[in-house]
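None of the values given here were measured: they were computed from a predicted structure. Residue numbers start at 1 and run along the sequence shown.
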Amino acid sequence: PVVAEQATPAQPLLIDVRTAAEYQTGHARAAINIPYEAIAERIATLTPDRNTHIVLYCRTGRRSGIAEQTLRQMGYQQVENRGGLSDLIRDGYPLQ
């Protein structure tokens, strides 16, 4: 099991919503892998605080958009869809 670093205002909780196989091929440093279809069941184990800043990404942004909608429906307020992994790299996120 992956142990999440506690999110802080400067360091949001970064979640890769791709499959485990995709995650293994490369991911952003500090990213936690929760496939988008499992986000509703697993998010509370990472952060029950609905004000935590959460940043989501996948390959193209479609799955992270679905995960964003799911989290917002669950009451999470600060959810951000950053699109695909290539978008994160372009924005300066380091790879693992």
Next item on the list: Tell me, please, which residues at least two apart from Asp49 pass side-chain contact (heavy atoms from CB on, under 4.5 Å).
Entry: Thr47, Asn51, Thr52
Check: Which distance, rounded to the nearest 0.5 Å, do you find between the CG of Asn81 and the SG of Cys58?
Finding: 6.5 Å
Item checked: Separation of Gln69 CD from Met74 CE (nearest 0.5 Å) -> 14.0 Å
Margin query: Would you say that Leu14 contacts Ile32 through its side chain, given a criterion of any heavy-atom pair below 4.5 Å between the two side chains?
Written below: no
Margin query: Tell me whether Leu88 shares a hydrophobic cluster with Ile15, the cluster being built from Ile, Leu, Val, Met, Phe, Trp, Tyr side chains joined at under 4.5 Å.
Written below: no
Next item on the list: Could you pull out the closest heavy-atom pair between Gln11 and Ala30, with the gap in Å?
Entry: NE2-CB, 4.5 Å
Notebook entry, point to check: With side chains defined as the heavy atoms from C-beta onward, is the minimum distance between Ser64 and Arg59 less than 4.5 Å?
Noted result: no
Note to self: I'd like to check Ile89 versus Leu95 (side-chain heavy atoms, cut-off strictly below 4.5 Å). Are they in contact?
What the structure shows: yes
Notebook entry, point to check: According to the salt bridge (charged side-chain N to carboxylate O under 4.0 Å, His left out) rule, which pairs have a member within residues 20-41, sequence neighbours left out?
Noted result: Glu22-Arg63
Checklist line | Heavy-atom closest contact (Pro35 atom, Arg42 atom, distance) | finding: CD-NH1, 3.9 Å
Check: Under the 6.0 Å and 45° cation-pi test, does Arg82 pair with Tyr57?
Finding: no
Check: Does the side chain of Ile54 reach to within under 4.5 Å of the side chain of Leu46, using non-hydrogen atoms?
Finding: no
Notebook entry, point to check: Would you say Tyr36 and Leu56 make side-chain contact, with heavy atoms under 4.5 Å?
Noted result: no
Note to self: Can a donor-acceptor pair be found, under 3.5 Å and without considering hydrogens, that links the side chain of Glu80 to the backbone of Gln78?
What the structure shows: no
Notebook entry, point to check: Is there side-chain contact between Ile34 and Val17, with heavy atoms separated by less than 4.5 Å?
Noted result: no
Item checked: Within one Ile-Leu-Val-Met-Phe-Trp-Tyr cluster: Leu13 and Val55, side-chain cutoff 4.5 Å -> no
Checklist line | pair Leu71-Ile43: side-chain heavy atoms closer than 4.5 Å | finding: yes
Next item on the list: List the atom of Ala31, the atom of Asp16, and the distance in Å for their closest heavy-atom pair.
Entry: CB-CB, 4.3 Å
Note to self: Within this structure, what is the CZ-OH distance for the pair Arg18 and Tyr23, rounded to the nearest 0.5 Å?
What the structure shows: 9.0 Å
